[in-house]
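What follows is a single structure, written as structure tokens, with notes after it.
Just so it is clear, the values below take in all heavy atoms, side chains as well, and ignore hydrogens, waters and symmetry mates. Letters A, B, ... are given to chains in the order of the sequence lines, protein chains preceding strands, and every chain is numbered from 1.
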There are 2 protein chains.
Amino acid sequence: MSGPRTEVAGYRVGGRLDQREDRLATRSRRAPPAWQQEEKVATINDVARRAGVSTATVSRALNGKSTVDPALVTRVRAAAKELGYHPNGLARNLRRQETAVLALIIADVENPFFTAIARGVEDVAQAEGYSVVLCNSDESAEKERRYIDVALQERVAGVILSPTGATSNVERLHERGTPVVAVDRPLPAGDQVLVDTRLAAREATNHLIAAGYRRIGCVTGPAGVRTANDRLAGYRDAIRAANRPELFRHGQYWAAGGKQATVELLAEPEPPDALLIANSAMAIGVLEALSEAKLRLGRDIGVVTFDDAAWATLIDPPLTVVAQPAYEIGEQAAKLLFARIGDPSPPPHTVTLAARLVTRGSTLRG
Amino acid sequence: MSGPRTEVAGYRVGGRLDQREDRLATRSRRAPPAWQQEEKVATINDVARRAGVSTATVSRALNGKSTVDPALVTRVRAAAKELGYHPNGLARNLRRQETAVLALIIADVENPFFTAIARGVEDVAQAEGYSVVLCNSDESAEKERRYIDVALQERVAGVILSPTGATSNVERLHERGTPVVAVDRPLPAGDQVLVDTRLAAREATNHLIAAGYRRIGCVTGPAGVRTANDRLAGYRDAIRAANRPELFRHGQYWAAGGKQATVELLAEPEPPDALLIANSAMAIGVLEALSEAKLRLGRDIGVVTFDDAAWATLIDPPLTVVAQPAYEIGEQAAKLLFARIGDPSPPPHTVTLAARLVTRGSTLRG
DNA sequence: TTGTAAGCGTTATCAC
DNA sequence: GTGATAACGCTTACAA
């Protein structure tokens with residue numbers, strides 16, 4: 001944004017934003033064809049003129065201030081409708097020093113867990129008259145930083161994000177006093193909505209032990225990601241308590257990551273006869289690997305995965321899962337954020353939700 | 001927005017936006033505690049003062065204009081960094097009469113088909129320096145209208161949407177000259193990116209016929225939705241050409257819709273021995289119903305569904321699907337939109353992409 | 001190369 | 001109850 005730039009023969013060379021600026025430049029340079037009406041967008045001034053009142057009155061009338069003659073209100077409304085007037089939100093927000101927009105920065109738009117969160121946030125936000133800008137950090141601290149910059153520039157009312165872990169990014173928001181709520185992953189000192197997945201992982205592992213599996217493995221997410229670490233920790237809690245051997249792999253929170261981890265685990269001298277999987281995207285890869293290894297779910301190998309995917313009941317036998325309250329996470333986060341927007345003073349608040357083990361056929365030894 | 005309002009003892013009663021206004025009012029009313037620094041956000045003026053230059057120079061320096069003394073640029077950058085200055089995007093856009101924001105209004109954030117589109121849009125937009133506001137119309141013309149209003153107010157640079165069918169909504173954008181691109185579903189006279197799903201449905205149906213199934217049914221989406229109609233039409237094209245009996249049901253684009261439709265079809269005097277399903281969410285419900293009816297996929301009943309869901313290969317036998325190029329739809333739509341933003345004059349352009357039949361086990365009579 | 005100043009479209013603070 | 005008018009923070013002619 002404010003990085004170094006280079007000028008070459010009138011063309012700016014550099015980062016992405018330059019492309020945009022070139023485009024804008026191009027646009028404004030191009031004169032409209034003579035026959036084409038220079039279409040002016042109606043402003044509050046036009047409405048005022050047409051209604052024969054001042055802009056102040058138009059503003060008051062359209063914003064439902066009590067102190068306006070009903071007759072004028074009607075006239076103003078009519079004028080506005082005739083001109084197809086839509087108030088300019090930019091000007092309004094600039095003046096009000098407020099924007100009815102929340103930024104939601106999540107790690108993966110295509111992960112149902114996060115889209116469910118998005119829905120929760122959106123529903124609450126919409127009820128408050130706010131819009132939600134969804135941004136995809138793609139688990140990249142750099143993209144996260146960029147989106148936080150955008151949020152800062154656009155002066156959004158608040159930010160909800162699943163932190164990548166680079167706390168310096170979030171610092172920027174704190175410095176500016178922009179309210180922030182973290183979801184799914186913790187934030188050093190701030191509002192957050194978390195799920196006790198360590199406990200859930202422990203319970204799931206205990207469930208596998210109780211079901212009679214002997215060598216229980218774990219396929220978890222990237223070592224840097226907090227949820228991945230937590231789920232692994234919960235697994236280890238249970239494994240140690242039961243005095244069993246530990247057997248685990250990290251991988252990307254993707255099908256491919258799950259598949260590779262599984263292939264590796266199955267190649268161990270003493271392979272696992274049960275697996276705890278940290279996320280449903282990975283589960284897809286894991287199941288592929290198991291299928292290729294001709295292992296029968298439940299019978300040959302027990303499986304529990306985090307996230308209650310829609311398809312979990314379609315496979316045979318159906319998948320035992322750890323269901324996370326994703327929608328509720330979004331709701332709570334939005335509520336926390338609005339509370340913070342309303343009053344910045346109270347100390348940080350952490351909401352911890354519980355995950356729920358849903359037992360199905362994939363953990364029945366048969 | 002400009003609807004009727006009621007005043008009751010100082011409280012505004014009415015739609016959602018009023019809640020927001022109340023909140024804002026509340027907020028500004030609340031005086032900050034005496035001890036709390038009224039934290040001022042640094043403006044371009046502060047930077048100018050600190051760097052000992054004019055605001056114009058700051059603006060030029062930070063925007064990489066060539067005509068600035070390198071020494072000053074350094075000084076300005078330093079000052080900006082020290083003050084934690086972030087340009088106010090609202091003011092900038094108000095002045096430039098441009099916003100680097102696209103609105104993407106889709107029918108369902110939780111549908112992988114649409115999130116894949118979102119990714120395509122996002123990637124192209126980001127490369128151009130634009131942000132994307134994702135909005136969820138939930139298949140509701142009313143929500144669509146509301147989001148279009150927001151887009152209009154915020155003066156977004158353009159809109160990409162999967163139209164609910166209420167053309168009057170899109171009219172508003174046209175009136176204002178806001179560039180629009182429709183995806184997935186057609187728009188009377190405008191840019192659009194479509195998939196030839198009628199053809200795809202025909203091919204899929206022919207595939208079922210060729211595979212030896214006799215009574216082929218179709219589970220499609222709501223009668224009002226264009227894609228649902230198209231897919232049904234393609235099915236009928238093939239069925240008629242083969243002189244087979246038609247057998248179909250409409251339902252919501254949801255698992256529950258698919259399930260109910262299937263239950264009904266199976267209750268027919270002469271139930272189908274194969275099904276074409278219009279969307280993967282519905283497919284989940286269909287498969288549940290088939291499983292409850294103890295029908296074996298492929299062998300007892302052939303199944304093809306639209307959308308190549310990630311789990312399609314996990315079930316047994318794996319699902320034959322019609323894969324839609326969702327990501328590419330998003331890319332193309334964004335490109336069309338940028339072209340339109342750059343030059344509004346050319347006539348509307350329609351891009352039609354092909355869907356691809358992916359044959360798997362669920363259509364093998366076995 | 002730099003500074004001055006005029007807006008961009010609203011809303012809010014004054015007077016009337 | 002209504003109307004001037006001054007901000008809001010930025011960009012960009014136009015001067016210097």
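The distance from atom CG of B:N45 to atom P of C:dG3 is 13 Å, rounded to the nearest whole Å. As a whole-Å value, the separation of A:N88 CG from C:dG7 C1' is 14 Å. Here the P atom of nucleotide D:dG9 and the CZ atom of A:R92 are 18 Å apart, to the nearest Å. D:dG9 atom P lies 10 Å from atom OH of B:Y85, rounded to whole Å. Between B:D46 atom CG and D:dC8 atom P there is a gap of 11 Å when expressed in whole angstrom units. Taking atom NZ of residue A:K65 and atom P of nucleotide D:dG3, one finds them 17 Å apart after rounding to whole Å. Rounded to whole Å, the distance from CZ on A:R60 to P on D:dA4 is 11 Å. Going from atom CG of A:L72 over to atom C1' of D:dT2 covers 8 Å, rounded to whole Å.
Under the 3.5 Å distance criterion, with hydrogens and angles disregarded, a donor-acceptor pair is assigned to the side chains of A:D343 and A:S345.
Each of B:D69 and A:V58 was assigned the nucleotide of DNA chain C with the nearest heavy atom; the assignment lying further toward the 5' end belongs to B:D69. Sequence order on DNA chain D of the closest nucleotides to B:I44 and A:V68 puts A:V68 first from the 5' end.
Phosphate proximity of D:dC10 to B:S59: absent, as no side-chain N or O sits under 4.0 Å from OP1 or OP2. Close to D:dG9, at under 4.0 Å from its OP1 or OP2, lies a side-chain N or O of A:Q97. Side-chain N/O atoms of A:N63 include one lying less than 4.0 angstrom from OP1 or OP2 on C:dT11. Not one side-chain nitrogen or oxygen of B:Q153 sits closer than 4.0 Å to the OP1 or OP2 atom of C:dT10. Distances shown here put a side-chain N or O of B:S54 below 4.0 Å from the OP1 or OP2 atom of C:dG3.
Checked against A:N169 for a side-chain hydrogen bond (donor to acceptor under 3.5 Å, both in side chains), the options A:E144, A:R145, A:E142 give a single hit: A:E144.
In the interface, the side chain of A:R155 is not paired with the base of D:dG9 through any donor and acceptor atom under 3.5 Å apart. Counting atom types as modelled, A:R95 pairs a side-chain N or O with a base atom of D:dA7 as donor and acceptor under 3.5 Å.
The CG atom of B:L94 sits 10.0 Å away from the CZ atom of B:R155 when rounded to the nearest 0.5 Å.
Between the side chain of B:N63 and the main chain of B:K65, no donor-acceptor pair closer than 3.5 Å is present. For A:N136 (side chain) and A:V109 (main-chain N/O), a donor-acceptor pair under 3.5 Å exists by modelled atom type.
Across all strands, B:T67 comes closer than 4.0 Å to base atoms (heavy-atom distances).
With C:dT10, D:dG9, C:dA12 as the candidates, the nucleotide lying closest to the side chain of A:L94 is D:dG9. Listed candidates were D:dG9, C:dT10, D:dT11. Nearest to the side chain of B:T55 is D:dT11. Ranking D:dC10, C:dT10, C:dT11 by closeness to the A:R96 side chain, first place goes to C:dT11. Residue B:T57 has its side chain nearest to C:dT2 when only C:dG9, D:dT11, C:dT2 are considered.
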| request: Would you check, one step at a time, whether the test salt bridge (Lys or Arg N to Asp or Glu O under 4.0 Å) holds for B:D69 with B:R75? | output: CA-CA 10 Å; B:D69 183 341; B:R75 233 161 72 205; over 6 Å; no
